[in-house]
Amino acid sequence: MEGSGETDFLNENNTSNFTCEESIEMETFVHISLPPAVFIIIVLSCLERRLKRCCIDDKIPLHGHCGILAPFDILGYSNRWSLGFAFGIIADKVIYLFSTDHFISLFPRWAKVFVVLIHAVEVGVSVYPFFACLSTSYVITGSILGFLYTAAWMTITVIDCFLCPDYKYLGVYQDFIMGWPSLVCYLFLLGRFVYIFVKAIRVRCGYETVNEETSFVEIHQIHYVQRLLRKPLPQPPQKSWIRRKMYQWDPYFRFPGRMIATAVLLLVCLYASVVAEFIVTDVLFGLLKQLKTWLDELPSSPETPEESMSISDYIGEFITVAQVVWICTTVVSSVASVSYILVMLACYRKHIMKLRAGKKCYFLMESEAVPSAQCVLAVGRSTAYQIAYLLWGYVIMHLLQFVAWMIVMYLIVLPMVHGEWAKLLDKWGTVILSFVLIMILRRLELFAGSRVFLQPKISPKDDQRPLALDNRKAFANFSYFLFFHSVVVGLFSCLMRVLRSTALGAFLVGRLDRPVMPRGFEGGDKAFKSWVAMLLMDHYHSNPILVCFCHILDSKIRQRQWQKVNGPTENTDMREIAPRVSGRARKRWLLLYTLLNNPSLLQFQKRRLGSYPMDFPQPCAVPSGDHATEQLVHWDKRV
């Protein structure tokens, strides 16, 4: 029976090893997928049309084809969730870049840097078709090629997870635990490509109509501008507790596709890191348990039997405490990191809205300027920074929490469990008493400062007393003795300041929207500068007011060009073709109407020297109210 069991185990191992040797692993498929990826890129590039002619069109009749592909609109809002799930697919490839398995031993040590760079380009080319097939204007060809390419990657992923696993963990293959988010993303993209193909076929057959007119303005941007032009409500509506305290939904704001993709990519990478960390720590705890078992099996020495047993018990107690603390801190750190992702999205919206309102100094000093070149690079750099900083922030936050709670367990909790109350009080009684006395004295000082040394309230409705001294001689004596007391307390306060700043800095490592440097030294935080540069880039290229203005100008120009070729139609406004008044008078009337509604704009109006009427207000003295309206109307009559 024993021999048959060993034979079955060897046969099972040989079968699994044979299957692993026959199957294709993910690392190998990255190299194999390069030819089909390049083929898809060439096909879509040949179909892509160019907006401008070049010198090669005179030699080769390309008919405007062979354009440059764009994987996605980096500042746009199209295909947001498809783009997010596409980035979820490449999450394991991004983590794969940090591994060293792809290093070839034949290369010298100095050449490994170039191997890493070349491998990064290789991974980028292999995943490029996922994005190109989603963004191409030839939807039928793109959906077919994208479906086939995604299905091939999904098949290899399933084979690598189930037919060639590393080992089982909790009854499930480790590769499946790490790779199921990628499988979900593959399934979503397959369904998306099927939907795009079916919709394109229905449009081709005439069952559906599609608006072929392309516009760079989004519907939510138009609604945002329309809301600005409406009069505000006299009394704002009541908001729920969630909208007041946690998150206020804005129906006229949409996150760009890059931010949605960043959030999905962060969630997948964070999940993979937590699972990998959990598996590694489980292996380490398993080694400690084997060490404890080995110590228990050692024959006890007759001279020091108690000492050997105490070491074994100490290791067992350490394993139990460390496992509980590690699991609890893992949950806390994971929840904090996930909340950082949600806070990142909320802060992005808040900062963009502040920029639209002209409040740039809300997160950046007015004296500090961000170069334009840095803003251009920050669009692609901010996502990479966010991934790296969030993962490092999780590791640092987790380790600090683990160390802190282990110290608390061994200094306070375990002595209480063992019944060593006398030693605990003798060791920490003085510290606790000092802390309580300091807190009581601070409360008394605050009470004396607010009740004795300040004058009474001017009005009973005031929240606090005015900053006006009372009882000056008593205040002088109080300040004199407070100096000596603050010197003693300052030693403890300095230590607490260092600990608070260290803990806060460690917890904020994963957030790019807040600088870890103090006020005035934000320039030393490269991650925060990339965040600000990314915000400025998005603000200047997706501001709803600017985009709607450009859309109106573009539509007017196209309409006039079409009228010149085809002539006026029934829906054409005849005032635009043949206005009854001159253009100069029309512009002056529009200027008057604008100044009537906005008298404060007079100081910014540019006019020729001496062109103001005698009774018209000069820019240095801007009128307001009915007097301004009367002067503007009088000026209009004279003009």
Answer yes or no: is there an ion pair linking Lys350 with Asp513, defined by an N-O contact shorter than 4.0 Å?
no
Taking the six-membered ring for Trp and the full ring for Phe, Tyr or His, determine whether the centres of Phe87 and Phe130 are under 6.0 Å apart.
no
Phe507 backbone acceptor or donor facing Tyr340 side chain under 3.5 Å:
yes
For the CD1 atom of Ile352 and the SG atom of Cys347, what is their distance to the nearest 0.5 Å?
12.0 Å
Quick check: do Met534 and Leu512 have side-chain heavy atoms less than 4.5 Å from each other?
no
Under the side-chain contact (heavy atoms from CB on, under 4.5 Å) rule, collect the residues that match up with Arg443, sequence neighbours excluded.
none
Parallel under 30°, tilted from 30 to 60°, perpendicular over 60°: which one fits the rings of Tyr348 and Trp531?
perpendicular
Hey, does the side chain of Gln386 reach the backbone of Arg381 with a donor-acceptor pair shorter than 3.5 angstrom?
no
Once side-chain contact (heavy atoms from CB on, under 4.5 Å) is applied, do any residues pair with Ser334, and if so which ones, sequence neighbours excluded?
Val274, Thr330, Tyr394
What pairs with Arg254 under salt bridge (charged side-chain N to carboxylate O under 4.0 Å, His left out), at least two apart in sequence or on another chain?
none
Supply the atom-to-atom distance Met154 CE to Leu190 CG, rounded to the nearest 0.5 angstrom.
6.0 Å
Run the side-chain contact (heavy atoms from CB on, under 4.5 Å) check on Glu317 and Leu414 step by step: do they pass?
CA-CA 10 Å; Glu317 185 181 57; Leu414 289 181; 4.1 Å; yes
For residues Leu345 and Met259, report the shortest heavy-atom separation together with the two atoms involved.
CD2-O, 4.0 Å
In sequence, state the C-alpha distance, the side-chain angles, and the governing distance for Thr281 and Gln323, and then conclude on side-chain contact (heavy atoms from CB on, under 4.5 Å).
CA-CA 9 Å; Thr281 53; Gln323 281 183 329; over 6 Å; no
Output yes when a side-chain donor or acceptor of Ser126 lies under 3.5 Å from a complementary backbone atom of Leu34, and no otherwise.
no
Take atom CZ in Arg514; do more than 12 heavy atoms of anything else shown fall under 6.0 Å from it?
no
Any donor-acceptor N/O pair, Thr150 side chain to Phe147 backbone, under 3.5 Å:
no
To the nearest 0.5 Å, what is the distance between CZ (Phe402) and NE2 (His398)?
7.5 Å
